[in-house]
Amino acid sequence: MVVTVDGPAGVGKSTVARALAAALGIPYLDTGAFYRALTLAVQRAGADSTDGEAVLQVARASRLDYAGGAMLLDGEVVTDAVRAAEVGALVSVVSAFPEVRRVVVQQQRDWVSRHGGRAVVEGRDIGTVVFPEAPVKVYLIADAAERARRRAGDAEAAGLKVADIEHQLRARDHLDSTREASPLRPAEDAVVIDTTALPVEQVVALILGLVAEATD
Ligand code: DC
């Protein structure tokens with residue numbers, strides 16, 4: 001089964017999705033890392049990130065894979081490199097092109113097929129576009145200030161003040177949720193969970209309950 005975990009930046013998706021995958025004994029896929037790796041490839045190619053055709057060419061020429069928690073770009077481990085602030089600043093631009101998304105989404109679906117069709121898949125459009133038939137969909141939300149506090153320890157946010165991180169998160173959420181192609185929004189059949197005041201274990205327990213119901 002596929003469990004989809006969507007929501008805005010810094011809401012705790014990765015932590016929750018990883019713990020959930022471990023509890024269920026199925027693979028975990030970080031789809032944001034695919035868009036980040038593509039952004040890195042665009043930067044390395046010296047391509048113009050605002051030129052959809054140029055980004056599409058890079059997307060078609062890039063092999064994106066995720067193995068053992070590591071993001072691979074053409075076979076090279078780029079897990080840390082994709083967390084760089086320069087990548088974070090451009091990823092919303094690169095990921096907004098519909099044709100580019102089609103290429104990346106196909107790679108994500110292929111990945112899940114290669115893993116036996118069972119995975120916890122984390123992103124922005126997983127429940128709405130990538131796996132609309134998934135039997136369990138959750139959409140996590142949390143206050144922006146709390147999300148900024150959680151992000152403060154991330155590499156991308158290193159050295160920034162919490163207020164600046166919050167500003168960046170809000171800007172990225174705005175871009176992600178107002179783009180035309182697969183905007184960030186909950187699927188109609190997603191269960192929305194506010195994680196502002198909930199510890200990770202409780203969020204995971206809630207979702208495990210949903211999985212149990214779905215497999216009854
Ligand atoms: O989850 P993240 O912060 O690593 O995601 C980085 C960016 O990638 C996010 O701002 C929007 C984009 N993204 C997307 O458009 N669709 C997804 N399924 C996952 C991420």
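Ligands are counted one by one from 1 in listed order, and the atoms in each one are counted from 1 as well.
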Student: Considering non-hydrogen atoms of the protein only, which is the closest contact for atom 12 (C) of ligand 1, and what is the distance?
Tutor: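 Minimum-distance protein heavy atom for atom 12 (C) of ligand 1 reads S95 OG, 3.6 Å.
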
Student: Mark up the atoms of ligand 1 that fall under 4.0 Å of a heavy atom belonging to D125, in ascending order.
Tutor: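 Every atom of ligand 1 under 4.0 Å from some heavy atom of D125: 16 (N), 17 (C), 18 (N).
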
Student: Heavy-atom contacts with S92 under 4.0 Å: which atoms of ligand 1 show up? List them by number with element.
Tutor: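 What qualifies from ligand 1 is 10 (O).
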
Student: Decide if atom CZ of R114 counts as having more than 12 heavy atoms of other residues, nucleotides or ligands within a radius under 6.0 Å.
Tutor: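 Correct, the count exceeds 12.
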
Student: Measure from atom 4 (O) of ligand 1 to every heavy atom in R101, R172, R36, R124 and give the option owning the shortest one.
Tutor: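 Considering heavy atoms of R101, R172, R36, R124, the nearest to atom 4 (O) of ligand 1 sits in R36.
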
Student: Considering only heavy atoms, does A9 approach ligand 1 within less than 4.0 Å through its side chain, its backbone, both, or neither?
Tutor: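 Neither part.
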
Student: Please could you name the atoms of ligand 1 that G123 approaches to less than 4.0 Å, counting only its heavy atoms?
Tutor: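 In order of numbering, the contacting atoms are 18 (N), 19 (C).
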
Student: Answer side chain, backbone, both or neither: which part of Q108 comes under 4.0 Å from ligand 1, heavy atoms only.
Tutor: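 It is neither part, as no heavy atom is under 4.0 Å.
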
Student: Taking atom NE2 of H174 as the centre, report whether more than 12 heavy atoms of other residues, nucleotides or ligands fall under 6.0 Å from it.
Tutor: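 Incorrect, the count does not exceed 12.
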
Student: Give the atom numbers and elements of ligand 1 that come within less than 4.0 Å of a heavy atom of R151.
Tutor: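 Checking each atom against R151, I get 3 (O).
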
Student: Without hydrogens or angle criteria, can the side chains of S14 and E122 be said to hold a donor-acceptor pair below 3.5 Å?
Tutor: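 Yes, side-chain donor-acceptor contact under 3.5 Å.
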
Student: In a check of side chain to side chain contact (heavy atoms under 4.5 Å, CB included) between V2 and each of V136, I26, V121, which one passes?
Tutor: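 The option that passes is V121.
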
Student: Atom 20 (C) of ligand 1: which protein heavy atom is closest, and how many Å away?
Tutor: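 For atom 20 (C) of ligand 1, the nearest protein heavy atom comes out as G32 CA, 3.5 Å.
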
Student: Could you see which bit of I126 sits under 4.0 Å from ligand 1, with heavy atoms only: side chain, backbone, both or neither?
Tutor: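 For I126, only side-chain atoms sit under 4.0 Å from ligand 1.
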
Student: Might you point out which heavy atoms bring A96 and A181 nearest each other, and give the distance in Å?
Tutor: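 For A96 and A181, the tightest heavy-atom pair comes out as O-CB, 3.8 Å.
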
Student: Do you know the tightest heavy-atom contact between S49 and V94?
Tutor: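 Minimum heavy-atom separation between S49 and V94: CB-CG2, 3.9 Å.
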
Student: To check your reading of the model: name the closest protein heavy atom to atom 19 (C) of ligand 1, its residue, and the distance in Å.
Tutor: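 In this structure, atom 19 (C) of ligand 1 has T31 OG1, 3.4 Å as its nearest protein heavy atom.
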
Student: Would you say that more than 12 heavy atoms from the other residues, nucleotides or ligands in this model lie under 6.0 Å from the CD of E99, or not?
Tutor: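 Check passes, neighbour count above 12.
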
Student: Any atoms of ligand 1 less than 4.0 Å from a non-hydrogen atom of D176? List them with their elements.
Tutor: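 By the 4.0 Å cutoff, the relevant atoms are 9 (C), 10 (O), 11 (C).
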
Student: Sub-3.5 Å donor-acceptor pair from the side chain of K137 to the main-chain atoms of A187, do we have one?
Tutor: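 No, the answer is negative, given that no donor and acceptor are paired below the 3.5 Å cut-off.
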
Student: Just let me know how R179 lines up against ligand 1, side chain, backbone, both or neither, with a heavy-atom cut-off below 4.0 Å.
Tutor: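 Within the 4.0 Å criterion, R179 contacts ligand 1 through side-chain atoms alone.
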
Student: Please find the pair of heavy atoms, one from V103 and one from A59, that lie closest to each other, and give the distance.
Tutor: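 It is CG1-O, 4.0 Å.
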
